[in-house]
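Count residues from 1 along the sequence.
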Amino acid sequence: PGDRLVLFTDGLIEAKNEAGEHFGMESIEHLLVRHRDLDSQGFNALLMNELKAFCAGRLNDDVLVMTLSHQGLTAESL
């Protein structure tokens with residue numbers, strides 16, 4: 001429980017800001033740690049908002065993000 005799998009295309013980590021810096025893996029890792037309480041939908045929304053802010057809304061490539069969260073098993077889910 002609490003594990004998360006984030007799948008994404010290279011457009012996410014290779015997105016650049018005005019200084020030519022990449023969004024990179026470190027940005028994703030930082031968001032995963034800092035916002036571990038969010039569900040998958042909330043995390044994806046946050047990630048895309050952070051990306052848009054980082055690149056001032058200008059993306060040069062397509063971006064696809066899929067996040068899966070493991071909530072654990074309960075008696076009701078068996």
Item checked: side-chain hydrogen bond (donor to acceptor under 3.5 Å, both in side chains) contacts in which one or both residues fall within residues 11-21, not counting sequence neighbours -> N17-E21, E18-R58
Item checked: Straight-line distance of L12 CG to D61 CG, nearest 0.5 Å -> 10.5 Å
Check: side chain to side chain contact (heavy atoms under 4.5 Å, CB included) with L31: which of L46, L51, L38?
Finding: L46
Next item on the list: State, yes or no, whether a side-chain contact exists between F23 and L59 at a heavy-atom distance under 4.5 Å.
Entry: no
Checklist line | Residues in side chain to side chain contact (heavy atoms under 4.5 Å, CB included) contact with I13, at least two apart in sequence or another chain | finding: F8, M25, I28
Check: Do M48 and M66 sit in the same hydrophobic cluster, where Ile, Leu, Val, Met, Phe, Trp and Tyr count as joined when their side-chain heavy atoms come under 4.5 Å apart?
Finding: no
Next item on the list: Could you list all the side-chain hydrogen bond (donor to acceptor under 3.5 Å, both in side chains) pairs where at least one residue sits in residues 30-46, not counting sequence neighbours?
Entry: S40-S69, N44-T67
Notebook entry, point to check: For T9 and V63, which heavy atoms make the closest approach, and how far apart are they?
Noted result: OG1-CA, 3.5 Å
